[in-house]
Q: 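First, the structure itself, so that you have it in front of you.
Proteins come first, then strands; the chains are lettered A, B, ... in the order of their sequence lines, and each starts at number 1.
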Amino acid sequence: MKIATWNVNSLRVRLPHVLAWLERHQPDALALQETKVTDPEFPVAAFDDIGYRAVFSGQRTYNGVAVLSRSPALDCVTDPPQLAEDPQRRVLAVTVDGVRIVNLYVPNGSEVGSEKYAYKLDWLMKMRSFLEHELSRCPSLAVVGDFNIAPEDSDVYDPEAWRERILCSTPEREALRRLSALPLSDAFRLFEQPEASYSWWDYRTGAFRRNQGLRIDLILLSDALKERIQSCAIDTEPRRLERPSDHAPVWAAFAAAP
DNA sequence: ATGGTCGTCTAACGA
């Protein structure tokens, strides 16, 4: 089984890239973030044509999450009670082939100390509670998405320049560590990886060309799934295309369930 | 360089 996650920064613009990536990599499930399309506008037919079903929770202009899958996505949750009537479309939990996939677009937080930063930390605290509940129901759990947090200095091209800045601040990293303590393991770090592996590069300043990136797109695994994982990688190829997303897809492959 | 580039509700705003 192969599961992937990709912040596409507008599905309308990136649809050709997503279709090409699905055809090439044939994942069983692909979680998307920042689709920026409302549910009636979601391009269901384009995915159906290549054998993928879609479930989605969208809004206009901002946010929006979706899961594309070969098998049906069951038990969809878009509004965890722990996030109490938050209108922002950032969560989509589904079950595909017996694996619970929680697709997250974690708030960016703007700047340390801002109102949006406080919202991010509060959101992460509430998300911990939701994930604790999901884990108790679903032992095979993968939490995937754009976490907007670089877990460690090794996930940042210039840790000193980013010290205590947004995406890297200690309170954000501690909130992520509290998720890891559930326990959930960072799939990427279960394997030897190339130095300077990142999943996001700012559009400005030619950051990708110089590999000035951060690893903020993550796949977190419950112990039951950790036992089945075979590989995990970031695919930087789509970042080289014309009109790319600022994020690269991340994927993980698993052995069949015992 | 308090800059730069994208995407969206083509005008700011969010990332």
Q: Quick one: is B:dA15 close enough that its OP1 or OP2 comes under 4.0 Å of any side-chain N or O from A:Arg204?
A: no

Q: Is any side-chain N or O of A:Arg243 closer than 4.0 Å to OP1 or OP2 of B:dT5?
A: no

Q: Mind calculating the distance between OH (A:Tyr203) and C1' (B:dT8) to the nearest angstrom?
A: 12 Å

Q: Which nucleotide sits closest to the side chain of A:Arg60: B:dA15, B:dC9, B:dG7?
A: B:dC9

Q: Answer yes when A:Glu41 and A:Arg12 have at least one side-chain N-carboxylate O distance shorter than 4.0 Å, and no when they do not.
A: yes

Q: May I ask you to say what A:Tyr105 touches in the nucleic acid, namely base, sugar-phosphate or nothing, with a heavy-atom cut-off under 4.0 Å?
A: sugar-phosphate

Q: Mind checking the P distance from B:dA1 to B:dG7? Whole angstroms is fine.
A: 29 Å

Q: Could you say whether A:Asp246 or A:Thr205 is positioned toward the 5' end of DNA chain B, judged by the nucleotide with the nearest heavy atom to each?
A: A:Thr205

Q: When you compare B:dA15 with B:dC9, how far apart are their P atoms, in angstrom units rounded to a whole number?
A: 15 Å

Q: A:Phe56 versus A:Pro43: any side-chain heavy-atom pair under 4.5 Å?
A: no

Q: Between B:dG7 atom P and A:Tyr62 atom OH, what is the distance in whole Å?
A: 15 Å

Q: Flag yes if more than 12 heavy atoms outside A:Gln230 fall under 6.0 Å of its CD atom; otherwise flag no.
A: yes

Q: Name the nucleic acid region contacted by A:Ser10, choosing base, sugar-phosphate or nothing; use a 4.0 angstrom heavy-atom cut-off, strictly under.
A: sugar-phosphate

Q: Measure from CD on A:Glu41 to P on B:dG7 and round the result to the nearest Å.
A: 17 Å

Q: Expressed in angstrom and rounded to an integer, what is the separation of A:Lys36 atom NZ from B:dC13 atom C1'?
A: 11 Å

Q: Can a donor-acceptor pair be found between the side chains of A:Asp97 and A:Ser71 at a distance below 3.5 Å?
A: yes

Q: Nearest whole angstrom, please: distance from the P of B:dT8 to the CD of A:Gln59.
A: 14 Å

Q: Could you say whether A:Leu11 or A:Trp200 is positioned toward the 5' end of DNA chain B, judged by the nucleotide with the nearest heavy atom to each?
A: A:Leu11

Q: Using atom P of each nucleotide, how far apart are B:dT8 and B:dG3 to the nearest Å?
A: 24 Å

Q: Among B:dT8, B:dA15, B:dG7, which nucleotide has an atom closest to any side-chain atom of A:Arg14?
A: B:dG7

Q: Expressed as a whole number of angstroms, how long is the span from A:Glu34:CD to B:dC13:P?
A: 18 Å

Q: Take a 6.0 Å sphere around NZ of A:Lys2 and say whether it holds more than 12 heavy atoms from other residues, nucleotides or ligands.
A: yes

Q: Looking at the side chain of A:Thr61, which of B:dT8, B:dT5, B:dA15 is the nearest nucleotide?
A: B:dT8

Q: Rounded off to whole Å, could you give me the CG-to-P distance for the A:Leu167 and B:dG14 pair?
A: 16 Å

Q: Would you kindly give the CZ-to-P distance between A:Arg90 and B:dG14, to the nearest whole Å?
A: 12 Å

